[in-house]
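So that the names make sense, note that chain A is the first sequence line, chain B the second, and so on, each numbered from 1.
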2 protein chains.
Amino acid sequence: MKEHLPKFESAISIDCVIFGFEAGELKISLIERSAEPYTDWWALPGNIVKQDESIEAAAERILHELTGLHDLHMEQFHTFGDVNRHPSGRVITVAYYALIRINHQDELRPVNQEQLAKKAFWHSVNDLPKLAFDHTEIFKYGFDQLKRKLNYQPIAFELLPEKFTLTQLQQLYEAILCKKLDKRNFRKKMLSYGFLKELDEKQKNVSFRAAKLYKFDRRKYAKIFQSELSASEK
Amino acid sequence: MKEHLPKFESAISIDCVIFGFEAGELKISLIERSAEPYTDWWALPGNIVKQDESIEAAAERILHELTGLHDLHMEQFHTFGDVNRHPSGRVITVAYYALIRINHQDELRPVNQEQLAKKAFWHSVNDLPKLAFDHTEIFKYGFDQLKRKLNYQPIAFELLPEKFTLTQLQQLYEAILCKKLDKRNFRKKMLSYGFLKELDEKQKNVSFRAAKLYKFDRRKYAKIFQSELSASEK
DNA sequence: GCAAAAGTGTTGGTATTACACCCATGT
DNA sequence: ACATGGGTGTAATACCAACACTTTTGC
C-alpha cells in the first residue's frame, strides 16, 4: 500500500489548517498519512503547487480537493522554509488557514483527483496528536493568527451555521481565545454592534428552554466597518 | 551595461520593505534597477534564496548584504506567488519588513557580494514612485502589517535612535498610523506604560527649548508584557 | 522680545468588568 | 418537581478624547 515519493530537488506546497467548530469545541481537520515519510502519522492536509498556477489559486484548488467545498474563508498566514523540514527534499510550504461549517448531513467529500486527497478526521485543538514534519509548529502559528484576527474580523460566523444562538457564538469565542467569558457582558457587547439579526425562530429538539436564533448581517457589518474606517481617516 | 538574466524555471526570492525614520518622516529603502527587466525602475531590494539555506537564513543574509547591518528587527509578512509577477520566469517571493535606525555618519553599506547589492535610497512612504514588478502591492501589504503590529509590539523603538524625545516618538506613531495624535494624551499614555526611562540628558544643538531624552527599557517591557500574558491566562 | 517647540490637568463620555437570580422547557 | 441552559441589569472602575495655556531656549 505504500506510495513512493520520487526524489526531488525543490518544490512549493500549500498546507492547510482547516478549522471547524462542533459540540462546543474548536477542531482542525487532519489526515493520517499512508505514504513515506511519516507513515501513519497525522498531518495537516496539503499538496504541491503546480508550475503554472498562482499560490492563491493553488490554495483554492487544494482546499477544494480536500473538502469538496468552494468559496471558503481562507487566509495565508506564514511560509515555512527550513531546509530539512521535509526529509525527501527541499519543500517550502505556504500555510493557509481555512474556516468551514461542520455539518453531518454533508460530510467533507474530498475530490479524489490524483489519489492524494485522503479522508480527513476532526481533532479538537486541545487534544492534538503529534504531527508529521513541522506541522505542529504550523498549526500553532495558524491558531495564534486566528486568535488575533478574531478581534478585528468577523471570522466567527464562518465557523457557525447560518442560524446560531448567542451561547454557541460565545462558546466559539471561548474556544478560540482559550478563556471563559462573562455571559451577560458578551451578549451585551455582541448585540451592541448591531450586526446580529434576531430571527423569529428558536432552537429545536433541545431538552431545555429553546434559545433564540440569530443571523450575521453582512451588509450591516460592512456599513459599520466602513464608517469606522472613514472616521479614523479624518 | 545591461546585465542579462538567464531564463529560468522557478525560483524563490526574498523581498524586503526596509523602514527607516528620519526628519519626521517614515521612509523605505529602494534601489534603482540597472538590469532587465524594469530597467531604471525603482524596486524593493531583494535577492534569490539559495538551494541550501532556509527562508529565515536567506532573509537575514540578504538583509545583511543590502545594509551591512546585523540583528535587525525583521518579520515575514506575506508570500506573493502570481504566475506572471516576474517576466523572466516563475519567481515566488517571500516578503519581509525590516526596521532600521537611519543615521548619517554611518550610511548603509551594502556588502557587494555578487555585484547584486546596489546603492539604496530612502523614499518617504507618502511619496513613492511607481515600483517594478508587484512591489507596490508588496509595500502596501507590509505597511499595513506594520500599522497593525504597532498596537501590540514595541517596534517603534527599533526605528528611533537609542535616546529619543517624546515628540520624536509621537511623530513616528503619527507617520505609521497616518493620523495626528493629541500630544498630552500621547505622552500620558506612553509614560503610563512604565517602560520608558527618563534620562538626565537633553537634546543638544536645537534652537529652542531642549526636550528631555528617553530610552526604551526592554527589561521592564518584558516584565509588563509577561504579567499581562499570565493575567489573561487565568 | 519673539519664534519655536516643550511641557502640563481636568473633565465628560464611553467601554469594561464583576456579579446572581428568575424563566421556560422537556423529562 | 427538577434539571438544564436561557435570559436579564446595575454599579464601580478604567480608559479614551477633547481641549489651551505657560515655560524654556536660542537667536
Separation of [X] atom [atom1] from [N] atom [atom2], in whole Å?
{"X": "A:Arg187", "N": "C:dA15", "atom1": "CZ", "atom2": "C1'", "value": "20 Å"}
{"X": "B:Met190", "N": "D:dC15", "atom1": "CE", "atom2": "P", "value": "15 Å"}
{"X": "A:Lys189", "N": "D:dT10", "atom1": "NZ", "atom2": "P", "value": "21 Å"}
{"X": "A:Gln168", "N": "D:dT4", "atom1": "CD", "atom2": "P", "value": "19 Å"}

_Looking only at side-chain N and O atoms, does B:Tyr96 offer a donor or acceptor that is under 3.5 Å from a partner on B:Glu56?_
yes
*asked:* Do A:Arg187 and A:Thr167 pair up side chain to side chain, a donor and an acceptor below 3.5 Å, judged on atom types alone?
replied: yes
*Look at the side-chain N and O atoms of A:Arg184 and state whether any lies under 4.0 Å from the OP1 or OP2 oxygen of D:dG9.*
no
*Does B:Thr167 put a side-chain nitrogen or oxygen below 4.0 Å from OP1 or OP2 of C:dA5?*
no
_Tell me whether A:Asn151 at atom CG has more than 12 heavy atoms from other residues, nucleotides or ligands lying less than 6.0 Å away._
yes
*Evaluate the ring planes of B:Tyr141 and B:Phe77, with Trp represented by its six-membered ring, and classify them as parallel (under 30°), tilted (30 to 60°) or perpendicular (over 60°).*
parallel
*If you check the B:Lys183 side chain, which of C:dG7, C:dT10, D:dG6 turns out closest?*
C:dG7
*Measure from the side chain of A:Asn185, starting at C-beta and using heavy atoms only, and say which of C:dA4, C:dC19, D:dG7 lies closest.*
C:dC19
*Between A:Val206 and B:Gln203, which has a closest nucleotide on DNA chain C that is more 5'?*
B:Gln203
_Residue closer to the 5' end of DNA chain D, A:Asp182 versus A:Ala210 (nearest nucleotide)_ = A:Ala210
*Of A:Arg209 and A:Lys188, whose nearest nucleotide on DNA chain D comes first from the 5' end?*
A:Arg209
*Check whether the side chain of B:Lys212 and the base of C:dG7 form a donor-acceptor pair under 3.5 Å.*
no
